[in-house]
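Let me begin by presenting the structure, written as structure tokens, before commenting on it.
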2 protein chains.
Amino acid sequence: MALDERKLKILDTIVKEYIQTAEPVGSRTLSKNAGINISAATIRNEMADLEEMGYLYQPHTSAGRVPSEKAYRLYVDQLMQIFELDQLLEDEIKSVYMNYMNELTKAIEQTAALLSRITNYTSLVLAPGARSLNCKYVKLMPLEEENILMVLITKEKIVKNFVITLSAPADEAQLEKVNNVLNICLKDSSLADLSDQLADKIDALSHEEGVMLQEVIPLFKKALLESDKEVVYAEGMDKIFNFPEFADIDKAKRLIEALNKQNVLANLLSDDTSSDMNIRIGEENQVEAFKDCSLITATYKINGRPIGTVGVVGPTRMNYDYVVSVLDFLREELNAHISRLLNE
Amino acid sequence: MALDERKLKILDTIVKEYIQTAEPVGSRTLSKNAGINISAATIRNEMADLEEMGYLYQPHTSAGRVPSEKAYRLYVDQLMQIFELDQLLEDEIKSVYMNYMNELTKAIEQTAALLSRITNYTSLVLAPGARSLNCKYVKLMPLEEENILMVLITKEKIVKNFVITLSAPADEAQLEKVNNVLNICLKDSSLADLSDQLADKIDALSHEEGVMLQEVIPLFKKALLESDKEVVYAEGMDKIFNFPEFADIDKAKRLIEALNKQNVLANLLSDDTSSDMNIRIGEENQVEAFKDCSLITATYKINGRPIGTVGVVGPTRMNYDYVVSVLDFLREELNAHISRLLNE
DNA sequence: GTTAGCACTCGACGAGGTAGAGTGCTAACA
DNA sequence: TGTTAGCACTCTACCTCGTCGAGTGCTAAC
């Protein structure tokens, strides 16, 4: 059986209706819908076909039809249309990046809050890990005894602090020298390929500061690696309570639990950065707790290389058109913002 | 009517029983309880008295009795006993502070996670605001054009970064000089009484760096003030789903919503630091969303001055003895940890 | 003052009955 | 051949009713 024009139209309407109401859609409701001018009986025949094809199902015999995940997939792939955002909304998004010009970390935090507010779903934002960033400047500062503070400023305007513990108290003058060497080596380099680059450059330089430098470098790398654990900002978790699909306390519990686990979220957001926009519907999600959710994610980039992800979690009955439109715009703004920072 | 020994014993048993089971306690159950050797009928008489006095109530005529908030208050004030923690538990708590010797912020984050883990309730930890801290060292670093980064290291081993935007690009040499003056002025001083102290000291110094210094100081104060918004770490929010009192989705929703609002939590934790340990039961909480919760908080201190709060949120049917015992020990460890940091 | 006995109350739970929404099937129609 | 009206059917939501059991309050005896 083929999906002719009329079947698609009916499916499209059912999906849209169900996204709105969360109630099974009956043939009478549909036939009264503007845009569909066929009788309820005919629609019933079509719906029976669609059910046979796996696009619809009935919660029980005498209920209307509900779209299956297969239907949402079809809807997302073929039927829905991305639209231009309202001007006010665009301005609201842009203003976030205007207001946090000097600190990318804050801008990213605000992105999460914004995204949840404007979509009314739970938002997730994966901040770039250290490995995605580019070093601009490093400063070593003595704390007390063996401890030194390393302040790392990246070209993306992210500031990171690490406390490093040496084997012996640091001499201030020596620290200064090591600091200089480090800066010469690291300046403008990506933090990802630190190892090779550093080794080469340091060999090329005098071995004057040898001992201490030898010690600082692995400690720095270690600290960097630790801080590289990707941070996910999750906002609006309580929004899930607005959806009847989470009226069951156990479902709500499982989802909230998962949303509170950084490692789960980090995996969720970083496991596929191959495409710009990623929509995972229900069972398409690998993580158990998200198997009755949909997750829409978009990657943002530096020079075309993905460094982080923004995303939205909601019921499979999600407002796909709107969320995709928002994420699309948001991602572009975030890209533009970061590239402004880099070229400043 | 007076609360004689026997009534207290009965009340104590009912409270303990109800905390365990969350089920109304009947007279038969009680009379079978070891430690109470009177018949169910006698207990019924006593329970009727206790109900009249407002310590108990019945959900419905043929149910057992449930402790009122007045009963919990009595229990907390007179009946419960703090006990020594298990050695393993003490070691677990201590190890957190051993493992995060160099960064108070991390230690505090870990405290929240630990507290929720060992109590099985939601934990809240209010980190010290900037005003509670003491300056050790300040470093100004040029970023680009008008922007400079200020790194503040406190004696408590908290590192804070502020980006400050000047009216004109900063000259590096001048920045250095301003930095020196700032350090002379700020060294060892409390960040709370910054205003007066700074003004005096700066007047006493040469006006050589005048213009820039005049500009940096208010900007620094402003940044400090902004970062002074107290941060609350909340862990284990999902734990509330384990309690039947939050089986109602609306109740759960309201609490989770409140727990996600930083300002609500900050108020909750900072509104009474007069006593070391604070127990607020149900209606005693000012904030609406917490009126069917109990909140136990303990303040931690620097040199006897309260700077932050650790706390636990749960149903009014909370395991008060245990939570108070844990918080008591935890607070002492945190105090000891901070004073170690200060005297290092 | 304490206890056993007993009638009473009330919620939880399952059975049964009704209303309404929506279906599938059939037969008639264009 | 595709479309439609009509109708019997199915199933849930909701209500009521009756039963069971836990727990009570009261009374009378110890």
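Just so it is clear: chains get the letters A, B, ... in the order the sequence lines come, proteins before strands, and each one is counted from 1.
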Interatomic distance, Asn45(A) CG vs dG22(C) P [rounded to whole Å]: 17 Å

Within 6.0 angstrom of Arg73(A) CZ, more than 12 heavy atoms from elsewhere: yes

Using a 4.5 Å cut-off on heavy atoms from C-beta on, say whether the side chain of Leu74(B) contacts that of Leu3(B). yes

Considering all heavy atoms of both residues, which atom of Ala22(B) and which atom of Pro244(B) are nearest to each other, and what is their separation? CB-CG, 3.9 Å

How close or far is atom C1' of dT2(C) from atom CD1 of Ile10(B), stated in whole angstroms? 12 Å

Looking at Tyr55(A), is Lys70(A) sitting on its ring face, NZ or CZ under 6.0 Å from the six-membered ring centre and within 45 degrees of the normal? yes

Chain A vs DNA chain D, heavy-atom contacts under 4.0 Å, first-to-last nucleotide span, 5' to 3', is dT3(D) to dT12(D)

Students often get this wrong, so: under 4.0 angstrom with heavy atoms, is Ala63(A) touching a base, only sugar-phosphate, or nothing? sugar-phosphate

Assess whether a salt bridge exists between Glu51(B) and Arg65(B), defined as any Lys/Arg side-chain N lying under 4.0 Å from an Asp/Glu carboxylate O. yes

Whole-Å distance between dG20(C) P and His60(A) NE2? 16 Å

Heavy-atom side-chain contact between Ile19(B) and Val15(B) under 4.5 Å: yes

Please give, in whole Å, the distance from dG22(C) P to Arg65(A) CZ? 12 Å

Bend angle of the helix from dG1(C)-dC30(D) to dA30(C)-dT1(D) from five-pair axes at both ends, rounded to 10°? 20°

Any ion pair linking Asp12(A) and Lys16(A) (charged N to carboxylate O, less than 4.0 Å)? yes

Would you say dT3(C) has OP1 or OP2 under 4.0 Å from some side-chain N or O of Thr42(B)? yes

Closest to the 5' end of DNA chain C, once Asn37(B) and Pro59(B) are matched to their nearest nucleotides, is Asn37(B)

Any carboxylate oxygen within less than 4.0 angstrom of a Lys/Arg side-chain nitrogen, looking at Arg6(A) and Asp49(A)? no

Whichever of Thr29(A) and Ala41(A) has its nearest DNA chain C nucleotide further upstream toward 5': Thr29(A)

Sorted by first residue and then second, give each ring-ring contact (aromatic ring centres under 6.0 Å, His included) pair with at least one member in residues 311-330 of chain B; sequence neighbours left out. Tyr72(B)-Tyr320(B)

